[in-house]
Peer 1: 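Can you keep this structure in mind? I'll have questions shortly.
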There are 2 protein chains.
Amino acid sequence: MDQTLAPLNTAPTPVKVSFKAQMLLAREGAIVIAVNRLLAEKGFDLMTVDEVALDVGIAKASLYKHFSSKEDLAAAAMVRVIGLAQAFLASLPPAARPLDQLKAVARWMLQQQLKGEMPSLPSQNSSLRANLMSNKAYLDGLMRISDQIGGWIEAAQADGTLSAKVPPLVVLYTLYARACDPVPGFLKAGGQHSDEDIINLVLATCFDGLNTR
Amino acid sequence: MDQTLAPLNTAPTPVKVSFKAQMLLAREGAIVIAVNRLLAEKGFDLMTVDEVALDVGIAKASLYKHFSSKEDLAAAAMVRVIGLAQAFLASLPPAARPLDQLKAVARWMLQQQLKGEMPSLPSQNSSLRANLMSNKAYLDGLMRISDQIGGWIEAAQADGTLSAKVPPLVVLYTLYARACDPVPGFLKAGGQHSDEDIINLVLATCFDGLNTR
DNA sequence: GTCTATAAATAGATAGAC
DNA sequence: GTCTATCTATTTATAGAC
C-alpha cells in the first residue's frame, strides 16, 4: 500500500492489516524476542530450536513456517538489535558533543549486555557469518549506524576530544567490541560492583585507558 | 621416584622413562597441540573429537584412552597455554618497570591470538567452566600468573604509572580480555595493517584510551 | 499455520578384538 | 594402547494430517 497515493484532503489511508495478519506479526515478534534472550544467555551453538519453540509456546514445525533455519532465527535477532540501536541513536540529542555521543553509544551497549539482552554470535562460525552478510536488512542497518557513529568519530577527532592517533575504523571496532566484552560479565559475577559501577569502570578504561593521566 | 633419595655424591638419578612411555607423552603432546590449534581456529563447540583424531592421525577411541572427554581435551589445551604464559612471564627481565611488564603481557596475548594459537572457550558454557574450575593444574597455574600480574598492577599503581582509579581486579580482567578481543581479528581481516601495527594500535587503545591526552 | 511424528545427520562416547 | 564398528543421544529439519 503506497500511502502517497492517498487524496491530499483526507487523512492518510491506514494500511489495512487484518486481525489474523496482526496475530502473525505479533507471534513473529515473540519468537524474535525469545531468540534474542536465548542468544544472549547461551549463545548460538548452545541454543536449540526446540528451546525456542518451547519458550514461545508453539511447535517446532510451526517455527519453521516463520523462519526457514536456525541461522535465519539468529539473523532476525540481530536485525532486531540493529533496529533498537538505530532507535537509540535517533533518540540522542543532536546538538551534543560528538565525544559524548560516542560515550552514550558505548554505554548503551554495555547496558544491553548487562541486562542480558545483547545476543552474541560466535565470530568463528563462517556459515553463520555468510548467512548474516547476505541479509540485506542487517547489512543496511549496520551500515546506517556505522555511518552515523563514523561521523561522530571524525567530528570528535576534528574538535580534538578524541585521539587522532587511532584510525577511525579502529575506534569503531573498539566501540562495537563493548557489546561482547567479557569484562562486565566477570565483574558482575564477582558481585562487588553494581551494574552502574561496572559500566562506569569499563567506560573509563575504554576512553581514559589504563595509564595515569 | 623421589630424587631427593639419591646419594649425595652421585649425579641425580635420572627418572627412568621407558621409550614406550616417552612415545605416549609425545603423542599426548601432539594431541594437546592439535586441540589448541583447533580451539583457536573454530572454538570449542565447532571443534569435533573426530577432527582432533584425524588431525593427530589416530583413531577416536585411542584419543579417549588419553583424555576421557572433549571437555578434558579443552582443559588440557588451556593448561598448556597457562604453562606457556608462565614460561613467558619467567622470561621477562625482573628489573623492568611494572607498567612495562604489564604491557609485555598484553602484547604476548595479542601475539598468540594473531598467530592463531590462543584457544578460546565459550564463556557461556557452564558445564565446561565447571570442568575447568575443577582442574587443579589449571587453577594453580591461573592463580600463579594472576598473583604475579596482580603484583605488577599494584606496583605500577604505587609508582604512579598506572591509573589508581581503576581497581586492580578490573585491570587484571582488562588485560586478560586481550586474549579474546575480537578487534585484532577484525583488523587483520581488513588487511590494512600488519600484525605488528594491529598489536600497537590495540595496546595504545588499551593503555592510552580513546580520548585525547 | 499449527500440530504430532519422524526423518536424517551429526557427534560424543564405548565395545570388543588384537 | 590401537583399531573398526557401533551405540546413544541430540539436533536440525521435514512430512503429512487437520
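Source: prediction; values computed, not measured. Here is the naming used below: chain letters follow the sequence lines, and residue numbers restart at 1 for every chain.
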Peer 1: So what does B:Lys70 hit on the nucleic acid, given a heavy-atom distance under 4.0 Å: a base, only sugar-phosphate, or nothing?
Peer 2: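 The residue B:Lys70 makes sugar-phosphate contact but no base contact.
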
Peer 1: Which nucleotide in the list C:dC3, D:dT2, C:dA13 gets nearest to the side chain of A:Ala59?
Peer 2: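 Closest nucleotide among those given: C:dC3.
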
Peer 1: Establish, with yes or no, whether the OP1 or OP2 oxygen of C:dT2 is under 4.0 angstrom from a side-chain nitrogen or oxygen of A:Arg27.
Peer 2: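 Indeed, a polar side-chain atom of A:Arg27 lies that close.
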
Peer 1: Can you measure A:Tyr64 atom OH to C:dT4 atom C1' for me and round it to whole angstrom units?
Peer 2: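 Rounded to whole Å, this separation is 16 Å.
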
Peer 1: What's B:Thr48 touching, base or sugar-phosphate or nothing? Going by heavy atoms closer than 4.0 Å.
Peer 2: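 Sugar-phosphate: the residue B:Thr48, judged by heavy atoms under 4.0 Å, touches backbone atoms but no base.
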
Peer 1: Can you tell me how far P of C:dG1 sits from CG of A:Leu25, to the nearest Å?
Peer 2: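 Interatomic distance, CG of A:Leu25 to P of C:dG1: 11 Å.
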
Peer 1: Run through A:Leu175, A:Val170, A:Leu169 and flag the one making a side-chain contact (heavy atoms from CB on, under 4.5 Å) with A:Tyr173.
Peer 2: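 So, applying the side-chain contact (heavy atoms from CB on, under 4.5 Å) to A:Tyr173 and each of A:Leu175, A:Val170, A:Leu169, only A:Leu169 qualifies.
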
Peer 1: Is the closest side-chain donor-acceptor distance between B:Ser146 and B:Tyr176 under 3.5 Å?
Peer 2: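 Side chains of B:Ser146 and B:Tyr176: pair found under 3.5 Å.
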
Peer 1: From NZ of A:Lys65 over to P of D:dT12, roughly how many Å is that when rounded to an integer?
Peer 2: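 Value for this atom pair: 19 Å.
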
Peer 1: With sugar-phosphate meaning primed atoms plus P, OP1 and OP2, does A:Met23 contact a base, only sugar-phosphate, or nothing at under 4.0 Å between heavy atoms?
Peer 2: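 The residue A:Met23 makes no contact with any strand.
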
Peer 1: Hey, are A:Arg37 and A:Asp55 close enough for a salt bridge, meaning a charged N less than 4.0 Å from a carboxylate O?
Peer 2: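 Answer for the salt bridge query: yes.
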
Peer 1: How long is the line joining NZ of B:Lys60 and C1' of C:dG16, in whole Å?
Peer 2: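 Checked: the NZ to C1' distance equals 16 Å.
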
Peer 1: To the nearest Å, how far apart are B:Asp45 CG and C:dG12 P?
Peer 2: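 The distance from CG of B:Asp45 to P of C:dG12 comes to 10 Å, rounded to the nearest Å.
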
Peer 1: Is there a donor in the side chain of A:Ser120 and an acceptor in the side chain of B:Gln124, or the other way round, less than 3.5 Å apart?
Peer 2: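 Indeed, the side chains of A:Ser120 and B:Gln124 share at least one donor-acceptor pair under 3.5 Å.
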
